[in-house]
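Following: one structure in structure tokens, then a few remarks.
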Amino acid sequence: MVKGLVKGMGTTLKAFFREKSTIRYPEQKKPRSARFRGRHELRRYENGLEMCIGCELCQVACPANAITVIAAENDPQNPYSPGERYAAVYEIDMLRCIFCGLCEEACPTEALHLTQEFELADFSRENLIYGRDRLVNRHTSDFKVPENVYPPYEGRKGLDAS
Ligand code: SF4
Ligand code: SF4
């Protein structure tokens with residue numbers, strides 16, 4: 001009986017000093033793979049202009065009908081994007097989205113990007129329909145407006161997503 005007890009305690013001690021497979025989530029997060037597909041973002045060029053030109057290709061490519069894009073003409077004096085049009089309405093219904101990444105693949109300007117963020121839980125359906133205010137990134141990226149884009153806009157002052 002004592003032998004069994006010592007053997008059991010030995011197993012406990014071995015497990016005690018072994019590296020833990022659990023982590024202190026949410027303070028600690030496990031790194032995800034580079035190909036992980038999480039929450040979407042719409043990126044900006046380095047001058048603040050939105051990379052999205054409202055072409056609606058992502059909406060067409062989405063197998064879950066999760067994306068709604070309504071484009072509008074840019075004001076040449078204060079454009080949102082370096083194209084003729086921009087996405088005046090851009091919505092993604094996160095409850096429909098299956099994070100397949102087809103919208104990202106379809107985007108001709110690389111505006112749409114699926115990030116590593118996965119904490120999307122919320123308490124209402126309405127909150128899970130993401131609009132421009134939550135999708136258009138407030139930060140600029142390293143992407144430069146292609147030189148052949150006409151007209152050669154200077155950039156956008158202020159990074160509002162309205
Ligand atoms: S990840 Fe897939 S399902 Fe989600 S919005 Fe993009 S295309 Fe649609
Ligand atoms: S995110 Fe890309 S594919 Fe979708 S409307 Fe904008 S430019 Fe077009």
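Remember, it's 1-based here, ligands and their atoms both numbered in the order they're listed.
- Relative to atom 1 (S) of ligand 1, the option among C58, G101, G38 with the closest non-hydrogen atom is G101.
- Panel note: side chain R44, backbone N137; a donor-acceptor pair is recorded below 3.5 Å.
- Each of the following atoms of ligand 2 lies closer than 4.0 Å to a heavy atom of E56: 5 (S), 8 (Fe).
- Taking 4.5 Å as the limit, some side-chain heavy atom of P146 sits within range of a side-chain heavy atom of Y45.
- Side-chain atoms of R39 never come within 3.5 Å of backbone atoms of E117 as a donor-acceptor pair (strictly under, hydrogens ignored).
- The ligand atoms of ligand 1 that sit less than 4.0 angstrom from a heavy atom of P63 are 7 (S).
- Residues R132 and Y86 have side chains in contact (heavy-atom distance under 4.5 Å, counting atoms from C-beta outward).
- Among all non-hydrogen protein atoms, the one lying nearest atom 2 (Fe) of ligand 2 is C107 SG, 2.3 Å.
- Residue contacts with ligand 2, taken as heavy atom pairs separated by less than 4.0 Å, do not involve Q59 at all.
- Contact atoms of ligand 2 toward P108: 3 (S) (distance under 4.0 Å to a heavy atom of the residue).
- For atom 4 (Fe) of ligand 1, the closest non-hydrogen atom of the protein is C97 SG, 2.3 Å.
- How far CD of E84 is from CG of N74: 9.0 Å, rounded to the nearest 0.5 Å.
- Ligand 1 places these atoms under 4.0 Å from at least one heavy atom of H40: 1 (S), 4 (Fe), 5 (S), 6 (Fe).
- A donor-acceptor pair is defined here as one N or O able to donate and one able to accept, closer than 3.5 Å; no such pair exists between the side chain of Q59 and the backbone of C103.
- With 2.8 Å as the limit, C103 does not count as an N, O or S neighbour of atom 4 (Fe) of ligand 2.
- In summary, the atoms of ligand 2 found under 4.0 Å from a heavy atom of L42, numbered by their order in the structure, are 1 (S).
- Here I67 has no heavy atoms under 4.0 Å from ligand 2, in either its backbone or its side chain.
- A 6.0 Å sphere centred on CD of E27 holds more than 12 heavy atoms belonging to other residues, nucleotides or ligands.
- Residues V89 and V69 have side chains not in contact (no heavy-atom distance under 4.5 Å, counting atoms from C-beta outward).
- With a 4.0 Å heavy-atom cut-off, ligand 2 is reached by the side chain of T109 but not by its N, CA, C or O.
- At the shortest separation from atom 3 (S) of ligand 1 among protein heavy atoms lies I98 N, 3.3 Å.
- Note that SG of C55 is 8.0 Å distant from CZ of R85, once rounded to the nearest 0.5 Å.
- Within a 6.0 Å sphere centred on CZ of F123, heavy atoms belonging to other residues, nucleotides or ligands number 12 at most.
- For the atom pair H40 NE2 and Y90 OH, the distance stands at 7.0 Å (nearest 0.5 Å).
- Summary of contacts: the protein heavy atom closest to atom 6 (Fe) of ligand 2 is C52 SG, 2.3 Å.
- Compare A106, C55, G54, C62 by their heavy atoms: the one nearest to atom 8 (Fe) of ligand 2 is in C55.
- The protein non-hydrogen atom at the shortest distance from atom 7 (S) of ligand 2 is I53 N, 3.4 Å.
- Against a heavy-atom cut-off of under 4.0 Å, F99 is close to the following atoms of ligand 1: 1 (S), 4 (Fe).
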